[in-house]
Amino acid sequence: MVRVRLDISYDGTDFIGWARQPGLRTVQGVLEESLSKVFREPIQLTVAGRTDAGVHAEGQVAHFDTGTGPDAAKLIHRMARFLPKDLRIKDIRVVPPEFDARFSAIRRHYAYRLTTAPYGAEPLQARSVVACRRDVDLEAMREASRKLLGLHNFAAFCRRRDGATTVRELQRFDWKRDGDLLTAYVSADAFCWSMVRSLVGAVLAVGEGRRTPEWVAALLNETERSSSVTVAPAHGLSLVAVDYPDVADLAARNAETREMRTVPTADEGCCGS
């Protein structure tokens with residue numbers, strides 16, 4: 001068997017998220033159907049991060065196993081004819097059998113895009129940019145974002161899933177302004193369900209003057225999802241990149257990721273070091 005990596009982009013507006021659902025249009029469903037026709041065998045994908053309905057991707061990664069070694073250049077062109085315009089495979093490559101799109105990932109990078117323009121989003125950006133108030137306090141938002149960095153239990157920002165940990169290491173959360181466009185860059189070793197949009201929603205409340213940076217920091221002490229956190233709209237969010245280790249470190253990373261993460265005590269230090 002040959003393991004194949006796909007680098008994928010899509011406009012999530014008209015998809016009911018990544019994960020296959022009977023009778024519904026999903027990214028996984030459309031991709032697997034098209035790939036199965038091309039390879040003439042059932043194709044099942046493993047993905048780096050399952051995006052929700054309406055969320056986009058510029059750097060999604062998936063893998064599958066097949067008995068046929070692909071001609072990458074020809075396959076990219078062929079898949080462009082099979083796939084709808086809102087879904088593209090940008091790169092195809094054969095990878096070692098230890099590579100796992102989900103468990104080998106070191107970190108995932110998201111961008112959340114907002115506009116403070118008084119007329120809202122530009123028409124060509126309306127499916128990927130969210131309108132917000134013009135007078136948001138960007139410095140207060142940056143302060144609140146910094147308070148969330150590090151290894152924490154992000155239960156207040158996550159929708160509960162039985163058996164799933166909400167402990168994550170938030171490695172980057174900052175904001176850039178380009179004219180009316182505000183972009184939040186959020187990176188972590190992994191994210192739980194709705195976490196990025198909840199982080200953005202909480203910090204945006206600070207920017208609008210409804211909350212304080214200290215309120216955001218205090219949310220890290222909560223052990224269940226907080227009803228006071230507003231989840232930001234899905235269409236502003238995009239998965240922009242996924243990082244992986246060198247080939248020699250893939251197996252070790254897979255084992256590490258499968259372990260349940262816990263918040264260290266004060267004398268253990270960060271990340272078990």
Side-chain angles (χ1 to χ4, degrees), residues 1-10 17-20 26-51 55-83 87-111 151 163-165 167-172 186-193 196 238-261 271-273:
M1 298 296 288
V2 177
R3 180 151 292 187
V4 179
R5 168 177 166 165
L6 305 177
D7 288 70
I8 306 159
S9 64
Y10 46 88
W18 165 269
R20 185 193 318 107
T26 69
V27 180
Q28 182 181 13
V30 171
L31 275 173
E32 289 183 343
E33 181 179 359
S34 299
L35 288 165
S36 296
K37 289 178 180 177
V38 169
F39 281 85
R40 298 182 180 180
E41 62 180 285
I43 297 297
Q44 293 187 339
L45 295 173
T46 297
V47 72
R50 295 186 177 189
T51 50
V55 175
H56 316 293
E58 301 155 56
Q60 180 69 279
V61 179
H63 82 259
F64 65 93
D65 295 325
T66 175
T68 305
D71 182 325
K74 289 183 179 179
L75 185 56
I76 289 173
H77 286 289
R78 190 175 184 189
M79 292 307 300
R81 297 196 300 271
F82 267 83
L83 294 172
L87 173 59
R88 282 292 175 265
I89 297 175
K90 300 191 295 183
D91 191 26
I92 299 171
R93 71 189 89 162
V94 174
V95 291
E98 295 81 12
F99 176 86
D100 187 293
R102 177 186 176 190
F103 289 111
S104 299
I106 299 173
R107 66 187 61 85
R108 295 153 176 87
H109 306 275
Y110 282 87
L151 184 68
T165 179
V167 175
R168 295 290 186 266
E169 183 187 5
L170 187 61
Q171 300 167 351
R172 181 186 183 187
V186 190
S187 303
D189 56 343
F191 292 93
C192 48
W193 192 12
V196 181
S238 181
L239 174 59
V240 296
V242 184
D243 295 342
Y244 293 95
D246 294 334
V247 171
D249 298 323
L250 287 172
R253 177 58 184 173
N254 294 344
E256 179 185 357
T257 304
R258 285 181 167 89
E259 294 179 0
M260 291 290 287
R261 278 161 287 202
C271 312
S273 60

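Worth knowing before you read on, the calculation uses all heavy atoms, side chains too, and leaves out hydrogens, waters and symmetry mates.
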> Heavy atoms, side chains only, cut-off 4.5 Å: are Val30 and Leu83 in contact?
Replying inline: yes
>> My understanding is that only residues two or more places apart in sequence, or in another chain, count here; which of them pass ring pair (Phe, Tyr, Trp, His ring centres under 6.0 Å) with Tyr244?
In response: Phe99
>> Which residues pass the side chain to side chain donor-acceptor pair (under 3.5 Å) test with Thr68, not counting sequence neighbours?
In response: none
> For the atom pair CG (Leu239) and CD (Gln60), what is the distance rounded to the nearest 0.5 Å?
Replying inline: 5.0 Å
> Is the side chain of Asn254 donor-acceptor paired with the backbone N or O of Glu98 at a distance under 3.5 Å, no angle test?
Replying inline: yes
> Considering residues, nucleotides and ligands other than Gln44, do more than 12 of their heavy atoms fall under 6.0 Å from its CD?
Replying inline: no
>> Exactly one of Arg172, His109, Arg108 should register a side-chain hydrogen bond (donor to acceptor under 3.5 Å, both in side chains) with Ser187. Which one does?
In response: His109
> If you measure from OG1 on Thr46 to CZ on Arg3, what distance do you get to the nearest 0.5 Å?
Replying inline: 7.0 Å
> What residues form a side chain to side chain contact (heavy atoms under 4.5 Å, CB included) with Ala111, not counting sequence neighbours?
Replying inline: Arg113, Thr183, Tyr185, Val240
> Quick one: do Asp7 and Arg93 make a salt bridge, cutoff under 4.0 Å?
Replying inline: yes
>> Tell me if a side-chain donor or acceptor on Glu169 pairs with a main-chain N or O of Leu151 at a distance below 3.5 Å.
In response: no
> Step by step, would you call Leu45 with Leu35 a side-chain contact (heavy atoms from CB on, under 4.5 Å)?
Replying inline: CA-CA 10 Å; Leu45 295 173; Leu35 288 165; 4.1 Å; yes
>> side-chain contact (heavy atoms from CB on, under 4.5 Å), that's the test. Do Leu87 and Val27 meet it? Break it down for me.
In response: CA-CA 8 Å; Leu87 173 59; Val27 180; 3.9 Å; yes
> So do the side chains of Val47 and Val61 get within less than 4.5 Å of each other, counting heavy atoms only?
Replying inline: no
> Under 4.5 Å between any side-chain heavy atoms of Lys90 and Ile8, yes or no?
Replying inline: no
>> For the residue pair Ser238 / Glu58, report whether a side-chain donor-acceptor contact shorter than 3.5 Å exists.
In response: yes
> Is Asp189 salt-bridged to Arg107, going by a charged N under 4.0 Å from an acidic O?
Replying inline: no
> Taking atom types as modelled, is there a side-chain donor on Glu41 or Ser36 under 3.5 Å from an acceptor on the other?
Replying inline: no
> What residues, two or more places apart in sequence or in another chain, satisfy ring pair (Phe, Tyr, Trp, His ring centres under 6.0 Å) together with Phe39?
Replying inline: Phe64
> Can you list the residues that meet the side chain to side chain donor-acceptor pair (under 3.5 Å) rule with Thr26, with sequence neighbours excluded?
Replying inline: none
> Side-chain contact, heavy-atom cut-off 4.5 Å: Cys192 with Arg168?
Replying inline: yes
> Is Asp65 close to Val2 at the side-chain level, that is, under 4.5 Å between some pair of heavy atoms?
Replying inline: no
> Under a 4.5 Å cut-off applied to non-hydrogen side-chain atoms, are Leu6 and His63 in contact?
Replying inline: no
> With no hydrogens and no angle check, is any side-chain donor or acceptor of Asp100 less than 3.5 Å from a backbone partner on Phe103?
Replying inline: yes
> Are side-chain heavy atoms of Ser34 and Met79 found at a separation under 4.5 Å?
Replying inline: yes
> When you look at CZ of Arg88, are more than 12 heavy atoms from neighbouring residues, nucleotides or ligands closer to it than 6.0 Å?
Replying inline: yes
> Would you call the rings of Tyr10 and Trp18 parallel, tilted or perpendicular, where under 30° means parallel and over 60° means perpendicular?
Replying inline: tilted
> How would you list, by chain and number, every residue that makes a side chain to side chain donor-acceptor pair (under 3.5 Å) with Arg102, sequence neighbours excluded?
Replying inline: none
